[in-house]
Q: 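My questions all concern the structure below.
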2 protein chains.
Amino acid sequence: MKVFKRDVGQLCRRAPLFAALGDETRLTLLMKLGDGQPKSISQLSKGESVSRQAITKHLQVLNEVGLVRGVRQGREKLFQVEKKPLEEVRTALDLISRQWDDALDRLKTHLENS
Amino acid sequence: MKVFKRDVGQLCRRAPLFAALGDETRLTLLMKLGDGQPKSISQLSKGESVSRQAITKHLQVLNEVGLVRGVRQGREKLFQVEKKPLEEVRTALDLISRQWDDALDRLKTHLENS
DNA sequence: TTTATACGCAACCATACAGTTGCATGTCAA
DNA sequence: TTGACATGCAACTGTATGGTTGCGTATAAA
């Protein structure tokens with residue numbers, strides 16, 4: 001499979017998404033939200049070792065890359081997980097993974113024939 | 001699908017890997033190495049806008065999470081891509097993706113029945 | 001109308017990180 | 001041997017990031 005320049009660009013544009021996933025606290029938050037039930041900041045802070053404000057900031061980061069969405073409801077802000085961006089990351093990973101496979105296979109074959 | 005505590009742990013342990021992927025320069029390096037052909041630091045620096053030392057540091061980061069492996073050969077150090085860690089990330093993402101799907105489906109069904 | 005809860009805002013701090021520069025070391029080739 | 005190339009090491013800089021604290025505001029409940 002040929003690696004097109006636009007694939008490179010596509011993948012590189014995902015960097016902020018990966019960066020957002022590159023933090024334990026944020027991954028924990030995503031797992032907490034993984035049951036689909038919207039949760040408030042206070043709920044999400046409960047049980048965590050860091051302050052509510054820290055959690056708020058992490059939720060902002062996740063929001064900026066579209067991984068979560070927060071809606072004000074009464075005096076609390078309910079967050080829920082957003083599927084689309086994660087799908088995109090999966091697709092991107094599948095792409096490079098397949099490209100690597102192919103490349104390494106070709107390389108192996110090439111070495112065996114020489 | 002039930003979300004087991006150990007899944008949460010497993011995913012959270014991937015944070016450094018995601019973090020390593022969360023940088024444009026590093027993603028570019030991975031794409032450059034994606035053809036399976038080992039490449040030296042100088043080769044990888046060529047065409048990039050940052051210094052060779054910067055590239056070296058990025059390669060170190062990629063190496064620490066196992067995404068890349070470097071072997072000294074003569075006066076140059078050849079790097080090549082390592083498939084395993086990427087597979088692990090893909091698996092982890094597939095897992096949460098499926099969990100979210102299931103959860104959101106259940107939630108939707110539940111709402112429709114009430 | 002109080003009181004408690006949930007959140008937003010802003011300032012501040014420490015550290016991690018991307019990047020640079022300068023210089024030393026090792027290796028190949030003429 | 002000498003020069004050119006490839007890398008390693010160390011110090012330094014600016015900025016982003018994760019975290020805290022204090023305080024103000026809005027909303028729900030008593």
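Naming convention: chains lettered A, B, ... in sequence-line order (proteins, then strands); numbering from 1 in each chain.
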Q: Check every strand shown and say whether A/S42 touches a base, only sugar-phosphate, or nothing at a heavy-atom separation below 4.0 Å.
A: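 Sugar-phosphate only.
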Q: Using whole Å, report how far CG of B/L59 lies from P of D/dT7.
A: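 My rounded result for the distance is 10 Å.
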Q: Think B/S51 has a side-chain N or O under 4.0 angstrom from the OP1 or OP2 of C/dT20?
A: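 So the side-chain polar atoms of B/S51 do come within 4.0 Å of the phosphate oxygens OP1 or OP2 of C/dT20, strictly under.
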Q: Atom CD of A/Q53 to atom P of D/dG24: distance rounded to whole Å?
A: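 Between P of D/dG24 and CD of A/Q53: 15 Å.
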Q: Can you tell me how far P of C/dA16 sits from NZ of B/K57, to the nearest Å?
A: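 Taking atom P of C/dA16 as the reference, NZ of B/K57 is at 14 Å.
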Q: Between A/R52 and A/R26, which is nearer to the 5' end of DNA chain D once each is assigned its nearest nucleotide?
A: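 Comparing both residues, the 5'-ward one is A/R26.
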Q: Can you see if the side chain of B/H58 gets near the phosphate of C/dG19 - specifically, an N or O under 4.0 Å from OP1 or OP2?
A: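 So the side chain of B/H58 is within the cut-off, an N or O lying under 4.0 Å from OP1 or OP2 of C/dG19.
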Q: What is the distance, to the nearest angstrom, from the CD atom on A/Q60 to the C1' atom on D/dG19?
A: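 Atom CD in A/Q60 sits about 14 Å away from atom C1' in D/dG19.
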Q: Measure CG/A/D23 against C1'/C/dT15 and give the value in whole Å, please.
A: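 My rounded result for the distance is 14 Å.
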Q: Does a side-chain N or O of B/K77 approach OP1 or OP2 of D/dA6 to a distance below 4.0 Å, or not?
A: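 For B/K77, the contact criterion (side-chain N or O under 4.0 Å from OP1 or OP2 of D/dA6) is not met.
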Q: Side chain of B/I41 only, please: which of D/dT20, D/dG8, C/dA18 is the nearest?
A: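 Shortest atom-to-atom distance from the side chain points to D/dG8.
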Q: Could you please name the option among C/dT20, D/dT20, D/dA4 that lies closest to any side-chain atom of B/R75?
A: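 When the side chain of B/R75 is considered, D/dA4 is the closest of C/dT20, D/dT20, D/dA4.
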Q: Just how far, in rounded Å, is C1' of C/dC17 from CD of B/E24?
A: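 In whole Å, C/dC17 C1' and B/E24 CD are 16 Å from each other.
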Q: Give the rounded distance in Å between these two atoms: CD of B/E48 and P of C/dG19.
A: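 From B/E48 CD to C/dG19 P: 10 Å.
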Q: Starting from C1' on D/dC5, measure out to NZ on B/K46 and report it in whole angstrom.
A: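 So the NZ-C1' distance, B/K46 to D/dC5, works out to 10 Å.
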Q: Which residue lies toward the 5' end of DNA chain D, A/G74 or A/A54, if each is placed at its nearest nucleotide?
A: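 Nearest-nucleotide comparison on DNA chain D picks A/A54.
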Q: According to a hydrophobic-cluster definition based on side-chain heavy atoms being under 4.5 Å apart (Ile, Leu, Val, Met, Phe, Trp, Tyr only), do B/L44 and B/V61 belong together?
A: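 Cluster IDs for B/L44 and B/V61 differ.
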Q: Using side-chain heavy atoms (C-beta onward) and a distance below 4.5 Å, is A/L29 in contact with A/I55?
A: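 A side-chain contact under 4.5 Å exists here.
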Q: When you measure from the side chain of B/R72, which nucleotide among D/dG8, C/dG19, D/dC5 comes out closest?
A: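 So the side chain of B/R72 is nearest to D/dG8.
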Q: Using a 4.0 Å heavy-atom cut-off, does A/E76 contact any base of the nucleic acid, only the sugar-phosphate backbone, or nothing at all?
A: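 Result for A/E76 = sugar-phosphate.
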Q: So B/K32 and B/E48, salt bridge (charged side-chain N to carboxylate O under 4.0 Å, His left out) or not? Walk me through it.
A: CA-CA 11 Å; B/K32 276 194 180 182; B/E48 300 299 317; 3.0 Å; yes
Q: Whether the side chain of B/R26 engages the backbone of B/H58 through a donor-acceptor N/O pair (distance < 3.5 Å, no angle test) should be reported.
A: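 Here the side-chain-to-backbone pair does not exist.
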Q: Of the listed nucleotides (C/dG8, D/dG18, C/dG19), which one gets closest to any side-chain atom of A/T56?
A: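 Per side-chain heavy atoms of A/T56, the pick is C/dG8.
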Q: Run A/E87 and A/K84 through salt bridge (charged side-chain N to carboxylate O under 4.0 Å, His left out) and show every step you take.
A: CA-CA 5 Å; A/E87 295 293 336; A/K84 222 178 316 162; over 6 Å; no
